[in-house]
Amino acid sequence: MNIYERNIIVSCVLFMIFSLGVSAQVTELTVNQPPIIQAPSDSSQWASFRKALLDWRVQIHENINYDASLYDREDFQWVKSAFNCCFLMMYDQSFYDRKRNCYTVEKILAEGRERFGGYDIVVLWHAYPRIGLDNRNQFDFYRDMPGGLTALKKVAEELHEQGVKVYINYNPWDTGTRREGTHDIDALATVIKSIGADGIFLDTMDRSSEEFRQKLDMARMGVVLESELALPIEEISTIICLGHNGLPTLPCREFYVVNGLSPAISNMGLAVGPEISPRSYKQLG
């Protein structure tokens with residue numbers, strides 16, 4: 001058994017164990033749902049669960065005066081078909097060949113295609129867990145990569161040529177290192193513009209801000225924000241921001257794992273968002 005087969009088996013077992021705690025019947029959802037809504041493990045109940053989720057979605061739209069104008073923007077439409085997200089440690093030897101002094105983007109993408117059909121998004125994960133060993137801040141870690149931001153722009157262009165979007169990462173807890181002399185939002189906008197990134201992963205955060213949205217639009221249109229924690233429902237209309245919660249990035253109401261093992265979890269923030277396009281996956285195992 002190779003490492004990929006082992007990881008698949010472990011993931012499936014953990015998912016089945018988790019699903020044992022799901023309630024037997026779901027016919028109605030209350031307004032004040034927890035950030036993660038569990039779907040029933042019995043597939044015969046999925047239809048009623050979907051109806052309950054749609055009814056809940058309509059009720060929430062009415063309660064918050066939902067405005068989909070941000071989600072309807074043409075530059076954000078790519079989000080609807082972006083599912084598989086790779087958190088790429090930028091110091092991984094599979095990403096950079098130090099003997100040949102070059103980035104090996106195709107190697108990363110080929111691995112994803114072989115394992116499960118490929119990536120839609122790659123997050124360029126920079127500082128953590130190395131940050132703090134010296135005075136460099138999180139933005140320095142992008143600049144200090146071989147070739148600097150110019151080389152990372154070429155990496156982003158290569159990913160774009162393969163139909164893969166590019167995220168950078170933001171660590172709001174990075175407060176004890178060298179300061180930029182400007183607001184973090186401005187520093188992020190500079191990196192976004194310099195390399196042509198398409199999104200920002202908001203580490204440990206559950207939302208952004210209107211200022212964040214405005215400054216990103218000035219730097220580059222179509223840049224989305226993905227929060228690690230569940231996006232509060234009251235923020236849905238004003239800030240386009242996808243939820244993470246350990247699941248693949250997908251702006252939809254529900255998601256079913258491959259091989260029909262069990263329905264996965266539906267995130268509150270995603271549940272009240274826009275419709276998505278269907279997507280098929282390569283079967284695992």
Side-chain angles (χ1 to χ4, degrees), residues 54 57-58 60-62 64-86 105 109 117-124 149 152-170 185-186 188-202 205-228 230-244 247-255 266-281:
L54 289 173
R57 184 173 184 257
V58 170
I60 293 297
H61 280 192
E62 294 174 352
I64 67 172
N65 259 341
Y66 177 65
D67 178 5
S69 56
L70 266 181
Y71 291 91
D72 290 338
R73 274 176 38 174
E74 185 62 31
D75 53 321
F76 290 140
Q77 295 311 299
W78 65 267
V79 177
K80 296 182 180 181
S81 58
F83 291 79
N84 291 338
C85 185
C86 170
V105 174
L109 296 181
Y119 296 118
D120 298 308
I121 302 168
V122 169
V123 180
L124 299 178
L149 296 182
L152 291 183
K153 181 178 181 180
K154 294 179 180 178
V155 167
E157 289 172 349
E158 189 171 346
L159 288 166
H160 288 157
E161 288 173 359
Q162 299 295 321
V164 179
K165 297 294 185 178
V166 181
Y167 281 10
I168 61 173
N169 178 45
Y170 175 50
I185 297 178
D186 297 307
L188 285 165
T190 297
V191 176
I192 286 284
K193 186 174 182 178
S194 297
I195 73 173
D198 309 290
I200 302 175
F201 181 82
L202 304 174
M205 297 173 65
D206 67 357
R207 73 192 75 188
S208 62
S209 66
E210 291 188 20
E211 180 188 11
F212 217 142
R213 176 76 273 147
Q214 292 168 1
K215 289 191 173 182
L216 287 179
D217 285 347
M218 292 173 61
R220 176 177 166 83
M221 298 298 288
V223 177
V224 301
L225 297 160
E226 180 181 349
S227 60
E228 178 176 9
L231 175 66
I233 285 182
E234 60 270 18
E235 301 289 343
I236 294 291
S237 296
T238 57
I239 305 165
I240 183 167
C241 184
L242 309 180
H244 170 62
L247 291 175
T249 301
L250 67 163
C252 63
R253 294 178 304 279
E254 59 200 293
F255 175 69
S266 181
N267 177 282
M268 278 183 78
L270 309 185
V272 298
E275 300 286 341
I276 65 161
S277 304
R279 171 69 183 271
S280 60
Y281 285 85

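These numbers were taken from a predicted model, which means no experiment stands behind them.
Atom CZ in R220 sits 5.0 Å away from atom CG in D198 (nearest 0.5 Å). Once rounded to the nearest 0.5 Å, the distance linking CG of N65 with CD of E234 reads 13.5 Å. Annotation: the span from L159 atom CG to I121 atom CD1 amounts to 11.5 Å, rounded to 0.5 Å. With rounding to the nearest 0.5 Å, the separation of CD in E158 from CG in L109 is 7.5 Å. With values rounded to the nearest 0.5 angstrom, S208 atom OG is found 12.5 Å from E226 atom CD. Considering OH of Y167 and CD1 of I192, their distance stands at 10.0 Å, rounded to 0.5 Å.
Every residue meeting the side-chain contact (heavy atoms from CB on, under 4.5 Å) condition with Q77, not counting sequence neighbours, appears here in chain and number order: E74, K80. Under the side chain to side chain donor-acceptor pair (under 3.5 Å) criterion, E62 pairs with no residue, sequence neighbours left out. With sequence neighbours left out, K153 forms a side chain to side chain donor-acceptor pair (under 3.5 Å) with no residue at all.
In terms of heavy atoms, A197 sits closest to I168 at CB-CG2, 4.1 Å. Pairing each heavy atom of A189 with each of A219, the nearest pair is O-CB, 3.7 Å. Considering every non-hydrogen atom in both V223 and F76, the closest pair reads O-CE2, 3.6 Å. Annotation for C85 and Y119: closest pair C-CD2, 4.4 Å, computed over non-hydrogen atoms. Taking both residues in full, the closest heavy atoms of S227 and L231 are given as OG-N, 4.1 Å, listed atom of the first, atom of the second, then distance. Nearest heavy atoms, G196 versus A156: O-CB, 4.5 Å.
Of the possible polar contacts, none joining the D120 side chain to the A82 backbone as a donor-acceptor pair under 3.5 Å is found.
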- [ ] Could you walk me through whether V122 and L124 pass the side chain to side chain contact (heavy atoms under 4.5 Å, CB included) test, one step at a time?
- [x] CA-CA 6 Å; V122 169; L124 299 178; 4.2 Å; yes
TODO: Mind running side chain to side chain contact (heavy atoms under 4.5 Å, CB included) on E161 and V105 for me, showing each step along the way?
DONE: CA-CA 11 Å; E161 288 173 359; V105 174; over 6 Å; no
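Heavy atoms from other residues, nucleotides or ligands lying under 6.0 Å from NZ of K193 number 12 at most.
Contact check for L225 versus R207: no side-chain heavy atoms found under the 4.5 Å cut-off.
Using cut-offs of 30° and 60° on the angle between ring planes, the pair Y66 and Y71 is tilted.
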